[in-house]
2 protein chains.
Amino acid sequence: MTIADVAERAGVSTATVSRALTGSRPVAAETVRKVQRAAAELGYSVNSIGRALRSNRTDTIGMVVPSISNPFFTSLVENVEHALGGSGKQLFLCDARSDPAVEAERLRSLVARNVDGIIVSPTHGVDSAPAVLEAARAVPLVQLDRYVDGTSTDWVGVDDIAAMRLVLDHVHAAGARSAAFVGSLLTNSSTERRLAGFQQQAEALRMTVRDDWLLLGEYSIAWGEQALERLAGRERLPDAIVCADDLIALGVTRACRARAIKVPDDVQVTGYDNIEFARLGEPPLTTVDQPGKKIASEAVRLLAAASGTEAAEASAHIALIPKLVVRHSTRELPDRH
Amino acid sequence: MTIADVAERAGVSTATVSRALTGSRPVAAETVRKVQRAAAELGYSVNSIGRALRSNRTDTIGMVVPSISNPFFTSLVENVEHALGGSGKQLFLCDARSDPAVEAERLRSLVARNVDGIIVSPTHGVDSAPAVLEAARAVPLVQLDRYVDGTSTDWVGVDDIAAMRLVLDHVHAAGARSAAFVGSLLTNSSTERRLAGFQQQAEALRMTVRDDWLLLGEYSIAWGEQALERLAGRERLPDAIVCADDLIALGVTRACRARAIKVPDDVQVTGYDNIEFARLGEPPLTTVDQPGKKIASEAVRLLAAASGTEAAEASAHIALIPKLVVRHSTRELPDRH
DNA sequence: ATGAAAGCGCTAACAA
DNA sequence: TTGTTAGCGCTTTCAT
């Protein structure tokens, strides 16, 4: 079932069929009708491989995320899909399994498949860099949320430093004078900048931060639970535990419950990302809301812009300002201390 | 950067380059080395569009799920990726947004892209059927978890009836003599069969099931919350609330907490799927564990089998027996009643 | 407005 | 073992 079959049935040339079906050039209305009828009768549908080979476009955007099981990334994916909307482009989604090697393979594969553009949230700040930069050389590429060191590609995300300022101001206002930070190993830009923001603002507010209150593991519930065990094993708990994402925070609050540590009375806990499950914790998490819709639409816009002009114009770094969502894992009102 | 460039540099023909790089036919070791060096020096990488057009294989499997934000499906995706493992095949993931129209478009697009096979969990038992069957006519296709009416394609999932028997036996043993069911509208096979299993076993155990205790909405936390509001508004609560998935169950237990209804003392609650967040609820959910790894590997196996033989052999329906994971949203021991 | 024909990058017959 | 060549399905000049 090829364009040639349709051409024969409609009594025209293959070129005319192509033009009639894609509307790339003017074709007589009468001819268009004939062609469409023939195509319908034959149940013809275009072979996008043939089209891609010839036109060098695939109408496909590749997207690579560190982990599809992290709800923050799935919501990012949904937002990107939505932003792509009626553009006629499809999303080719890849999971890097938090492994730069897998990620590199995925990126190479996307390039080999001639995707029209790539949206990537790199797994690792350093180890992901070579593959990301190589891919960026081949096709328009936008980094999302996270980015690799020494990059000059487009990037869209939130201002982590500003976010941490919001978080610390909030727990400080509620009486916290000491704080711990639970994040992932410093291997990606998110944690790095969140930790930097944490330390910066903690200092500005003269809050106590002990070295052994900086716990770095991974973005998971299990690590949050472990981290709390470590903190609880020490002589005293900090007034607040600031987590680098909601999964960690959910683990922390869960472990608190298991140990009968009261949140927020004994210790305040904050998350980051505002995933759907954040309000489900006990207590519901105070967290940083990332403007996922806006991030996605900006990314798609940048990609479209990059595909349009051949000349690589100045690339953009867009940092959006997040907002704090206050729930019940932090105290509402100031407290004597 | 094409195969011709490499051929020129290595001083051989394009055919030899192809053979040397893919290993499809024997090539002298010396020649292979020459070709590989030339390819490396030029930074050549295969253009998979060209390869696909010629060989009619894309080394790509398409997967369509109802909703990527449902953790059950993301874990299914992860399992499939893992099962695909070193096979050299990539997964092209699509989200149907729980909309048969979107789903149909995705399926058509996958077929147009010549994927080697499709794994789909259909959104709707009836409305998804035409598109699924059409896709199945074009390429090997396996249905996962859910299936469409009147289908004769391969299918892998769990035995929902057996699962419901486990659930009801368990809550009954703990003293429940009446039960409600909260599911989604009866538009897909999962809910349909889970409800059927529920009713069947409730009758066998002579448990009370009122008509207005059958609540059908959607697979979401929000619907679980709503459903509990409706149940709580009635004169009395059932002894047990059986939910068609964990999201719903998490919503139900959350609403219970809000209303100070004690789980499991006032009412027992069960989920289905055993998503990671199930243990995070308050209390942690008793739920049905789906053998996701096994489901995925069977699906991949069926797909490979279907691709191998041209002759469509008898298709398989594989129903795995799930197991019950008992946590704290149900009572451990029998109770006076 | 339409047709003829070239060619995108690759692989697989067929020859040598 | 290697080379020559045809052609996968499509779009796009270049003619007409």
Side-chain angles (χ1 to χ4, degrees), chain A residues 1-39 42-60 88 108-116 138-139, chain B residues 1-39 42-60 88 108-116 138-139:
Chain A
M1 182 49 33
T2 78
I3 210 174
D5 300 315
V6 180
E8 188 185 353
R9 177 155 193 132
V12 298
S13 74
T14 59
T16 301
V17 172
S18 172
R19 295 194 271 247
L21 259 28
T22 62
S24 60
R25 318 244 82 194
V27 175
E30 168 64 11
T31 314
V32 171
R33 234 172 299 121
K34 266 197 315 202
V35 170
Q36 284 175 338
R37 178 136 36 83
L42 262 40
Y44 168 82
S45 82
V46 67
N47 177 325
S48 37
I49 302 286
R51 168 178 291 174
L53 182 59
R54 176 62 223 236
S55 60
N56 215 26
R57 274 183 318 111
T58 51
D59 295 322
T60 302
R108 262 194 302 274
S109 161
L110 288 173
V111 170
R113 277 159 206 274
N114 268 17
V115 293
D116 298 344
V139 351
Chain B
M1 183 47 35
T2 78
I3 209 174
D5 301 316
V6 180
E8 190 185 351
R9 178 154 194 135
V12 297
S13 73
T14 59
T16 300
V17 172
S18 171
R19 296 194 273 247
L21 259 27
T22 62
S24 60
R25 322 240 83 194
V27 175
E30 167 64 11
T31 314
V32 171
R33 233 172 302 122
K34 264 197 319 203
V35 170
Q36 285 175 337
R37 177 138 35 85
L42 262 40
Y44 168 83
S45 81
V46 67
N47 176 325
S48 39
I49 303 286
R51 167 179 291 174
L53 182 60
R54 176 63 227 231
S55 62
N56 213 29
R57 274 183 317 111
T58 51
D59 295 322
T60 303
R108 262 194 301 275
S109 160
L110 288 173
V111 170
R113 277 158 205 275
N114 268 20
V115 292
D116 298 344
V139 349

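Letters A, B, ... mirror the listed sequences (proteins, then strands); counts begin at 1.
Comparing A:L53 and B:R54 by the nucleotide of DNA chain C that holds the closest heavy atom to each, the one mapping nearer the 5' end is A:L53. Of the two residues near DNA chain D, A:A15 and B:V12, the one whose nearest nucleotide lies more 5' is B:V12. Nearest-nucleotide positions on DNA chain D place B:P26 closer to the 5' end than the other of B:G50 and B:P26. The 5' end of DNA chain C is approached more closely, in terms of each residue's nearest nucleotide, by B:M1 than by the other of B:R19 and B:M1.
Looking only at side-chain heavy atoms (C-beta outward), A:Y44 and A:L21 come within less than 4.5 Å of each other. Looking only at side-chain heavy atoms (C-beta outward), A:D59 and A:D116 come within less than 4.5 Å of each other.
Nearest heavy atoms, A:A112 versus B:S48: O-OG, 2.9 Å.
Using a 4.0 Å heavy-atom criterion, one finds that A:T22 contacts the sugar-phosphate atoms exclusively.
For B:A28, whose side chain is taken as the heavy atoms from C-beta onward, the closest listed nucleotide among D:dT1, D:dG9, C:dA1 is D:dT1.
With rounding to whole Å, A:I49 atom CD1 is found 23 Å from C:dG7 atom P. Nucleotide D:dT1 holds its P atom 14 Å from the CZ atom of B:R33, rounded to whole Å. Atom CD1 of A:I3 is separated from atom P of C:dA6 by 18 Å (rounded to the nearest Å). Look at CZ on A:R25: it is 16 Å from P on C:dG3, rounded to the nearest Å. One interatomic measurement links the two molecules: CG of A:D5 to P of D:dC8, which rounds to 11 Å at whole-angstrom precision. Taking atom CZ of B:R57 as the reference point, atom C1' of C:dC10 lies 12 Å away to the nearest angstrom. Distance CZ (A:R113) to P (C:dG9): 18 Å, rounded to an integer number of Å. For the pair B:L21 CG and C:dC10 P, the interatomic distance rounds to 9 Å; values are reported in whole Å.
Put simply, A:T31 has a side-chain N or O that comes within less than 4.0 Å of OP1 or OP2 on C:dT2. In terms of phosphate contacts, A:T16 brings a side-chain nitrogen or oxygen within less than 4.0 Å of OP1 or OP2 of C:dG3. A:S13 has a side-chain polar atom (N or O) that falls below the 4.0 Å cut-off from OP1 or OP2 of C:dG3. Residue A:S18 places at least one side-chain N or O under 4.0 Å from the OP1 or OP2 atom of D:dT11. For A:R51 and D:dG9, the shortest distance from a side-chain N or O to OP1 or OP2 is not below 4.0 Å.
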Pair B:V6, B:R9 - check side-chain contact (heavy atoms from CB on, under 4.5 Å), show working. CA-CA 5 Å; B:V6 180; B:R9 178 154 194 135; 5.8 Å; no
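With hydrogens and angles disregarded, a donor-acceptor distance shorter than 3.5 Å links the side chain of A:T60 to the backbone of A:T58.
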